[in-house]
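As structure tokens, the structure follows; a few thoughts come after it.
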Amino acid sequence: MSVSLATPLASTWIALGIAVMSGAMIPFQAGTNAMLGRGLGHPLWATVVSLAVSLTVVAPVLWAMRAPWPSVAAALHGPWWQWIGGVFGVIYITAALILAPRVGAANFIVGVVAGQMLASLLIDHFGLVGLPARPATLARAAGLGLILLGMLVMQWQPTPPAGRAAPVSLGPR
């Protein structure tokens, strides 16, 4: 069966594929920022550097795309909460670089995904932060329940057999 890329189904799968690839970068971000925080002497310095690197990367992209200058005056007339996204970014980056080394990348990310899905379902259901309302159906709630169950299952770690070799490290910790 061939599907044209112009169909809504194909564009949905392409978008989901990009989302999965973007999501696959998040555990690497947590680990690299944690290492950077140790090297800089404090986790918050890694947050500052991470955000500065983000600005350094996005500025040339904006220039290359010939994006117009931001309309700050128009944005000032919007709701107050549109300005707090950066605060959420700082909270996430800092939590990632502190918690990922303690609980591991998989455990941290499964908690992040569970939190994202819970918040997303509420945002969709109530049409919060300017997004269109989409009802929290039984199927969507069941999907969230499976994610939460998956988070619990990920915490079950049987004791390794005695004498088992330590995992191979890909770099200094």
Side-chain angles (χ1 to χ4, degrees), residues 5-37 40 42-100 103 105-148 150-151:
L5 292 180
T7 66
L9 179 62
S11 64
T12 297
W13 282 107
I14 290 169
L16 287 174
I18 293 169
V20 167
M21 287 189 304
S22 299
M25 295 176 195
I26 300 297
F28 291 101
Q29 180 190 28
T32 57
N33 282 344
M35 180 67 75
L36 181 61
L40 293 173
H42 195 281
L44 290 177
W45 283 119
T47 301
V48 169
V49 170
S50 179
L51 294 170
V53 168
S54 296
L55 178 61
T56 303
V57 170
V58 78
V61 173
L62 284 167
W63 180 79
M65 294 177 67
R66 295 189 162 96
W69 284 98
S71 177
V72 176
L76 288 172
H77 294 290
W80 66 269
W81 45 259
Q82 71 184 2
W83 297 97
I84 62 174
V87 174
F88 297 145
V90 168
I91 292 168
Y92 169 76
I93 291 170
T94 304
L97 62 92
I98 291 171
L99 297 176
V103 300
N107 284 337
F108 175 72
I109 293 300
V110 76
V112 168
V113 169
Q116 288 175 331
M117 292 307 302
L118 177 59
S120 297
L121 192 63
L122 292 171
I123 288 168
D124 277 357
H125 184 73
F126 294 108
L128 302 175
V129 295
L131 296 177
R134 297 172 190 242
T137 63
L138 183 59
R140 295 179 87 203
L144 174 60
L146 289 171
I147 289 169
L148 293 172
M151 182 178 69

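- Here CD of Gln116 is found 12.0 Å from CG of Leu144. Values are rounded to the nearest 0.5 Å.
- Around CH2 of Trp63, the count of heavy atoms belonging to other residues, nucleotides or ligands within 6.0 Å does not exceed 12.
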- Message: Let's go through Val49 and Val53 carefully: what are the C-alpha distance in whole Å and the side-chain angles of both, what is the deciding distance for side chain to side chain contact (heavy atoms under 4.5 Å, CB included) to 0.1 Å, and is it a yes or a no?
- Response: CA-CA 6 Å; Val49 170; Val53 168; 4.1 Å; yes
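- The structure places CE of Met25 at 12.0 Å from OG1 of Thr32, a figure rounded to the nearest 0.5 Å.
- Side chain of Ser50 to main chain of Ala46: no donor-acceptor pair is present (N/O by atom type, distance under 3.5 Å, no hydrogens or angles).
- Smallest separation of non-hydrogen atoms from Gly111 and Met151: CA-SD, 3.8 Å.
- Without hydrogens or angle criteria, His125 side chain to Pro135 main chain gives no donor-acceptor distance under 3.5 Å.
- With values rounded to the nearest 0.5 angstrom, Phe28 atom CZ is found 10.5 Å from Ile109 atom CD1.
- For the pair Val112/Ile26, no side-chain contact is recorded, criterion being any heavy-atom separation below 4.5 Å from C-beta on.
- With sequence neighbours left out, the side chain to side chain contact (heavy atoms under 4.5 Å, CB included) criterion links Arg140 to Leu121, Asp124, Arg134, Thr137.
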Would you tabulate the side-chain donor-acceptor contacts of residues 82-96 under 3.5 Å, counting partners in other chains and residues two or more places apart, or write 'none'?
unit_1: Gln82; atom_1: NE2; unit_2: Ala75; atom_2: O; d: 2.4
unit_1: Thr94; atom_1: OG1; unit_2: Thr47; atom_2: OG1; d: 2.8
unit_1: Thr94; atom_1: OG1; unit_2: Val90; atom_2: O; d: 2.8

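- Expressed to the nearest 0.5 Å, how far CH2 of Trp69 lies from CG of Leu62 amounts to 9.0 Å.
- Rounding to the nearest 0.5 angstrom, the gap separating the CG atom in Leu36 from the CD atom in Gln29 is 11.5 Å.
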